[in-house]
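Bear in mind that the values here come from a model prediction, so they are computed numbers and not experimental data.
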Amino acid sequence: MKLFIDFPHDLYSNDPLYVPELFIAQRDLLTPGKHPFHEHSQIQLFLAFRDKKVVGRIAAINNRNHNAFNGTNDGFFGFFECIPDVTVSNALFNTAAEWLKKQGLSTIIGPVNFSTNETCGLLVEGFDSSPVVMMPYNRPYYIELIKAAEMKENVTLIAWQVTADAVEDKPLRMMQMLENRLAQRNIVVRKINLKKFDEEVVKIREIYNKAWDKNLGFVPMTDNEFAYLAKDLKMILDPDFCIVAEKDGKAIGFALCIPDLNQVLIKIRKGRLLPTGIFKLLLGKSKIKGVRVLALGVLEPFRKLGVEAVFYGQIIRDCRKKGINVAEASWILEHNDLMNSAIQAVNGVPYKRYRIYEKAI
């Protein structure tokens with residue numbers, strides 16, 4: 001497990017854009033009994049060695065909840081890292097595919113680090129900057145490794161960047177008008193109440209599992225999975241950036257931004273909090289000047305009423321107050337015209353693209 005988690009640190013040791021994952025977080029994610037994904041599904045980790053040295057890694061993933069929800073027979077690969085050698089990458093892909101076939105699955109899809117609820121996608125555009133928090137990173141040659149495995153495109157995901165300099169005042173001017181219009185429909189947009197965090201988590205989970213149910217490849221999170229994620233996020237959560245929309249007291253939408261912790265993690269060697277990493281993390285949190293719009297969803301009957309625009313308006317307003325100069329909205333499906341046009345309207349720029357691939361096995 002240690003070799004599996006640490007391999008990327010050696011692979012990217014000379015890459016100034018690489019951000020190490022926290023070791024304890026990766027270990028818990030991959031360990032049955034630690035992360036609730038393993039309660040319903042199964043993974044198998046593989047390492048490739050050459051002359052007793054690790055040269056690649058991959059996880060084969062049987063996500064049973066995904067197949068039950070979508071009526072599919074898909075297998076997945078994730079946590080893929082490899083030296084620039086097609087022989088090694090093909091061995092990894094073939095080994096993962098064979099394991100998936102033995103599970104009775106008929107396709108291999110990825111990279112997906114368990115599901116679309118976690119990090120997923122291969123970076124195919126935007127190699128000139130570091131990834132933001134909870135987004136993947138890889139070198140350009142990975143595209144050729146995927147092509148050599150004869151995988152075809154499944155879907156493309158976009159990461160949008162919005163900078164303080166580019167944002168106009170129009171979203172803020174519209175926000176007040178839209179809030180008044182929503183109030184006439186008994187719709188209120190408010191900040192999360194951390195004193196009632198557990199109750200808020202239940203409301204947000206219900207929206208999350210309904211608002212995304214038509215997205216390609218989506219699978220609802222179990223109660224335990226959502227609680228696990230919420231517990232992690234609570235440690236870095238700014239209540240100003242977790243916003244809920246309610247109609248007659250019932251939640252109908254939410255938006256969640258989190259600080260770009262990668263601005264600190266990039267300085268923590270091999271993702272180890274001890275002996276000095278914990279101090280870098282604690283001291284660096286207050287200096288973060290970027291956020292990621294991690295999730296923004298509205299239940300279908302309440303879309304196009306202006307709720308989304310109010311979310312964006314409040315996020316822009318509070319970013320200005322806190323001196324935050326850049327935000328990433330990610331990821332968004334390439335064909336999600338409603339969301340993409342909304343971000344374009346606030347002068348967002350599509351600055352990174354990620355791709356998920358598939359192949360019959």
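- Relative orientation of the Y208 and F226 rings is tilted, given thresholds of 30° and 60° on the angle between their planes.
- Residues W331 and V326 fall into different hydrophobic clusters, defined by Ile, Leu, Val, Met, Phe, Trp and Tyr side chains chained together at heavy-atom separations under 4.5 Å.
- Side chains of L47 and L3 form a contact here, defined as non-hydrogen atoms less than 4.5 Å apart.
- Checked by atom type and distance alone, the side chain of S330 never pairs as donor or acceptor with a backbone atom of A159 at under 3.5 Å.
- Looking only at side-chain heavy atoms (C-beta outward), I343 and V162 come within less than 4.5 Å of each other.
- Side chains of E98 and T95: a donor-acceptor N/O pair is absent below 3.5 angstrom, by distance only.
- F241 places none of its side-chain heavy atoms less than 4.5 Å from the side chain of P239.
- Criterion: ILVMFWY side-chain heavy atoms under 4.5 Å apart, direct or through other members. Under it, V188 and L182 are not part of a common hydrophobic cluster.
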query: Where do N63 and S115 land on the side-chain hydrogen bond (donor to acceptor under 3.5 Å, both in side chains) test, with the steps shown first?
result: CA-CA 8 Å; N63 188 335; S115 73; 4.5 Å; no

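- In terms of hydrophobic clustering, with Ile, Leu, Val, Met, Phe, Trp and Tyr side chains grouped at heavy-atom distances under 4.5 Å, I204 and I236 are assigned to a common cluster.
- Partners of Q44 under the side chain to side chain donor-acceptor pair (under 3.5 Å) rule, at least two apart in sequence or in another chain, do not exist in this structure.
- We find the OG-CD distance between S89 and E81 to be 12.5 Å, quoted to the nearest 0.5 Å.
- Remark: T87 pairs with D85 by the side chain to side chain donor-acceptor pair (under 3.5 Å) rule, at least two apart or across chains.
- For D260 (side chain) and V291 (main-chain N/O), no donor-acceptor pair under 3.5 Å exists by modelled atom type.
- Surrounding CZ of R64 are more than 12 heavy atoms belonging to other residues, nucleotides or ligands, all under 6.0 Å away.
- A donor-acceptor pair under 3.5 Å is absent between the side-chain atoms of H335 and the main chain of V155, judged by distance alone.
- More than 12 non-hydrogen atoms from other residues, nucleotides or ligands lie less than 6.0 angstrom from CZ of R190.
- A heavy-atom distance below 4.5 Å is not found between the side chains of R181 and I187.
- Both Y141 and M151 are members of a single hydrophobic cluster when ILVMFWY side chains are connected at heavy-atom separations under 4.5 Å.
- No cation-pi contact links R57 to F7, judged by a cut-off of 6.0 Å to the six-membered ring centre and 45° from its axis.
- Shown here is R317, whose CZ atom has more than 12 heavy atoms of other residues, nucleotides or ligands within 6.0 Å.
- Counting only heavy atoms from C-beta outward, the side chains of V88 and L92 approach each other to under 4.5 Å.
- Ring centroid separation for the pair H66 and F218 does not come in under the 6.0 Å cut-off.
- For M339, the CE atom sits in a packed shell: over 12 heavy atoms of surrounding residues, nucleotides or ligands are nearer than 6.0 Å.
- With sequence neighbours excluded, the residues satisfying ring pair (Phe, Tyr, Trp, His ring centres under 6.0 Å) with Y142 are F80.
- The residues K322 and D240 are annotated as salt-bridged, a charged nitrogen and a carboxylate oxygen being separated by less than 4.0 angstrom.
- Two residues are said to be in side-chain contact when any heavy atoms from C-beta on lie closer than 4.5 Å; P259 and V133 fail this criterion.
- Checking side-chain atoms of R303 against main-chain N and O of V298 turns up a donor-acceptor pair under 3.5 Å.
- Under 3.5 Å, the side chains of N113 and T119 contain a donor-acceptor pair of N or O atoms.
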- request: Show your working on side-chain contact (heavy atoms from CB on, under 4.5 Å) between Q26 and F79 and close with a plain yes or no.
  value: CA-CA 10 Å; Q26 286 286 285; F79 303 91; 3.9 Å; yes

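- Using the six-membered ring where Trp is involved, F93 and F77 have ring planes that are perpendicular, over 60° apart on the 30 and 60° scheme.
- Atom NZ of K250 is surrounded by 12 or fewer heavy atoms from other residues, nucleotides or ligands within 6.0 Å.
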- request: Applying side-chain contact (heavy atoms from CB on, under 4.5 Å), run through M1 and L30 and close with a yes or a no.
  value: CA-CA 8 Å; M1 181 68 78; L30 295 167; 3.9 Å; yes

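- Looking at heavy atoms from C-beta onward, L229 lies out of side-chain contact with R205 at the 4.5 angstrom threshold.
- For Y228, the ring pair (Phe, Tyr, Trp, His ring centres under 6.0 Å) partners at least two apart in sequence or on another chain are H35.
- Although no hydrogens or angles enter the test, the distance criterion places no donor-acceptor pair under 3.5 Å between the side chain of K210 and the main chain of L299.
- Within the structure, ring-ring contact (aromatic ring centres under 6.0 Å, His included) contacts touching residues 143-199 (residues at least two apart or in different chains) do not occur.
- Residues that satisfy the salt bridge (Lys or Arg N to Asp or Glu O under 4.0 Å) test with R355, not counting sequence neighbours, are E153.
- Here F23 pairs with nothing under the ring pair (Phe, Tyr, Trp, His ring centres under 6.0 Å) rule; sequence neighbours left out.
- With sequence neighbours excluded, no residue forms a salt bridge (Lys or Arg N to Asp or Glu O under 4.0 Å) with K34.
- Cluster annotation: I158 is not connected to V349 through the hydrophobic network of ILVMFWY side chains, with a link wherever side-chain heavy atoms come within less than 4.5 Å.
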field: From CA spacing to verdict: side-chain contact (heavy atoms from CB on, under 4.5 Å), L157, R353
entry: CA-CA 6 Å; L157 317 169; R353 279 183 167 80; over 6 Å; no

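- For the pair D198 and K203, the salt-bridge criterion is not met [side-chain N within less than 4.0 Å of a carboxylate O].
- Annotation: side chain to side chain donor-acceptor pair (under 3.5 Å) contacts of Q263 (sequence neighbours excluded): none.
- Applying the side chain to side chain donor-acceptor pair (under 3.5 Å) rule to N138 yields no partners; only residues at least two apart in sequence or on another chain are considered.
- Between F37 and F114, the angle of the ring planes stays under 30°, which puts this pair in the parallel group of the 30/60° scheme.
- Counted by atom type alone, S41 and N62 present zero donor-acceptor pairs between their side chains at under 3.5 Å.
- A donor-acceptor distance shorter than 3.5 angstrom exists from the side chain of S106 to the backbone of N73, with no hydrogens or angles considered.
- Taking D74 as the reference, nothing meets the salt bridge (Lys or Arg N to Asp or Glu O under 4.0 Å) condition, with sequence neighbours excluded.
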query: Step by step, would you call V112 with I356 a side-chain contact (heavy atoms from CB on, under 4.5 Å)?
result: CA-CA 8 Å; V112 174; I356 296 174; 4.2 Å; yes

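- One side chain, E39 or N224, offers a donor N or O that lies under 3.5 Å from an acceptor on the other.
- Donor-acceptor pairing under 3.5 Å is recorded for the side chains of S129 and K352.
- Residues I288 and L261 meet the side-chain proximity criterion, which asks for heavy atoms closer than 4.5 Å.
- Under 3.5 Å, the side chains of N180 and Q176 contain a donor-acceptor pair of N or O atoms.
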- request: Applying side-chain hydrogen bond (donor to acceptor under 3.5 Å, both in side chains), run through T222 and E225 and close with a yes or a no.
  value: CA-CA 5 Å; T222 65; E225 285 175 316; 3.3 Å; yes

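- Applying the ring-ring contact (aromatic ring centres under 6.0 Å, His included) definition to pairs two or more places apart or across chains, none involves residues 342-361.
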